[in-house]
Amino acid sequence: QVQVVESGGGLVQTGGSLRLSCAASGSIHSINAMGWYRQAPGKQRELVARIGDSTIYGNSVKDRFTISRDNAKNMVYLQMNSLKPDDTAVYYCAAIGVRLQGSNYRSDYWGKGTLVTVSS
């Protein structure tokens, strides 16, 4: 009933920039937070950034990435600057603490991911 769809991934050179977008749709009453996570080959999924009442960044992306959110549109964005090869990963968008219309429960929903490749 809830769909989370990322866009904006691609190939970029070291030092370049990309802007990722994510839209959550469906019979949504409210979303507590939205965030970006990434997973590189052979590594665990890690937090990139999350925005709700507060904003959190992973240590590896602080001062380079900026997360923003449009609550009215249920969208979240990730501006990535000064990209490094270590940023290469599949980036996943998460809608966190989603309450559906007519429900008192909250669940998390994940997108399928978008690939970001940073060439050296």
Side-chain angles (χ1 to χ4, degrees):
Q1 194 170 5
V2 176
Q3 289 188 318
V4 179
V5 181
E6 306 96 335
S7 63
L11 176 64
V12 65
Q13 294 181 330
T14 297
S17 298
L18 280 176
R19 187 173 190 252
L20 305 183
S21 299
C22 171
S25 61
S27 300
I28 298 170
H29 176 268
S30 61
I31 302 174
N32 286 348
M34 299 188 75
W36 292 94
Y37 298 76
R38 69 186 184 186
Q39 188 167 23
K43 296 185 178 180
Q44 297 183 29
R45 187 174 299 189
E46 66 174 348
L47 170 72
V48 178
R50 171 175 169 164
I51 182 168
D53 290 341
S54 62
T55 302
I56 302 172
Y57 291 94
N59 289 333
S60 64
V61 307
K62 288 181 179 178
D63 302 320
R64 298 188 298 120
F65 292 7
T66 303
I67 189 169
S68 60
R69 181 182 179 188
D70 186 336
N71 292 345
K73 297 181 179 180
N74 290 329
M75 295 193 70
V76 66
Y77 309 90
L78 184 69
Q79 179 65 48
M80 304 185 293
N81 298 325
S82 302
L83 285 162
K84 307 173 181 179
D86 285 347
D87 295 319
T88 296
V90 176
Y91 284 70
Y92 297 91
C93 176
I96 302 162
V98 179
R99 181 184 175 186
L100 302 180
Q101 296 283 355
S103 176
N104 290 325
Y105 296 93
R106 290 183 169 89
S107 299
D108 300 342
Y109 295 88
W110 292 81
K112 295 180 180 179
T114 185
L115 178 63
V116 172
T117 303
V118 183
S119 63
S120 60

> What salt bridge (Lys or Arg N to Asp or Glu O under 4.0 Å) pairs are there with at least one residue in residues 54-80, not counting sequence neighbours?
Replying inline: R64-D87
>> Just verifying a value: how many Å separate Y109 OH and L100 CG, rounded to the nearest 0.5 Å?
In response: 4.0 Å
>> So, taking the atom named OH in Y57 and the one named CH2 in W36, what distance separates them when rounded to the nearest 0.5 Å?
In response: 13.0 Å
> Under the 3.5 angstrom rule, does the side chain of T14 hit a backbone N or O of K84 as a donor-acceptor pair?
Replying inline: no
>> Walk me through whether N32 and I96 qualify under side chain to side chain contact (heavy atoms under 4.5 Å, CB included).
In response: CA-CA 6 Å; N32 286 348; I96 302 162; 5.5 Å; no
> Roughly how far, to the nearest 0.5 Å, is the CE atom of M75 from the SG atom of C22?
Replying inline: 7.5 Å
>> Quick check: is V12 connected to M80 through a chain of hydrophobic side chains (ILVMFWY, heavy atoms under 4.5 Å apart)?
In response: yes
> Can you check whether V118's main-chain N or O pairs, donor with acceptor, with T88's side chain at less than 3.5 Å?
Replying inline: yes
> If you measure from CG on N81 to CZ on R19, what distance do you get to the nearest 0.5 Å?
Replying inline: 11.0 Å
> How many angstroms lie between CD in Q79 and CD1 in I67, if you round to the nearest 0.5 Å?
Replying inline: 12.0 Å
>> So for atom CD, which belongs to E46, do other residues, nucleotides or ligands contribute more than 12 heavy atoms lying within a distance under 6.0 Å?
In response: yes
>> What's the separation between atom CE in M34 and atom CG in N74, rounded to the nearest 0.5 Å?
In response: 6.5 Å
>> Consider side chain to side chain contact (heavy atoms under 4.5 Å, CB included). Of V76, L78, L20, T114, which one does E6 pass it with?
In response: T114
> Heavy-atom distance under 4.5 Å between the side chains of F65 and L18, does that happen here?
Replying inline: no
> What's the shortest heavy-atom distance between L47 and Y37, and which atoms?
Replying inline: CA-CD2, 3.5 Å
> Which side-chain hydrogen bond (donor to acceptor under 3.5 Å, both in side chains) pairs, counting each pair once, include a residue from residues 91-104, with sequence neighbours left out?
Replying inline: R38-Y91, R99-N104
>> Tell me the closest heavy-atom pair linking S119 and L11, and the distance in Å.
In response: CB-CD1, 4.3 Å
> Which heavy atom of A89 sits nearest a heavy atom of A40, and at what distance?
Replying inline: CB-N, 3.8 Å
>> Per the salt bridge (Lys or Arg N to Asp or Glu O under 4.0 Å) rule, what does the pair list look like for residues 20-37, sequence neighbours excluded?
In response: none
> Should Y77 and L83 be regarded as members of a common hydrophobic cluster, given that ILVMFWY residues are connected when their side-chain heavy atoms come within less than 4.5 Å of each other, either directly or indirectly?
Replying inline: no
>> Quick check on Q39: does its CD atom have over 12 non-hydrogen neighbours (other residues, nucleotides or ligands) under 6.0 Å away?
In response: yes
> Which atom names give the shortest non-hydrogen contact between V4 and A95, and what distance separates them?
Replying inline: CG2-CB, 4.2 Å
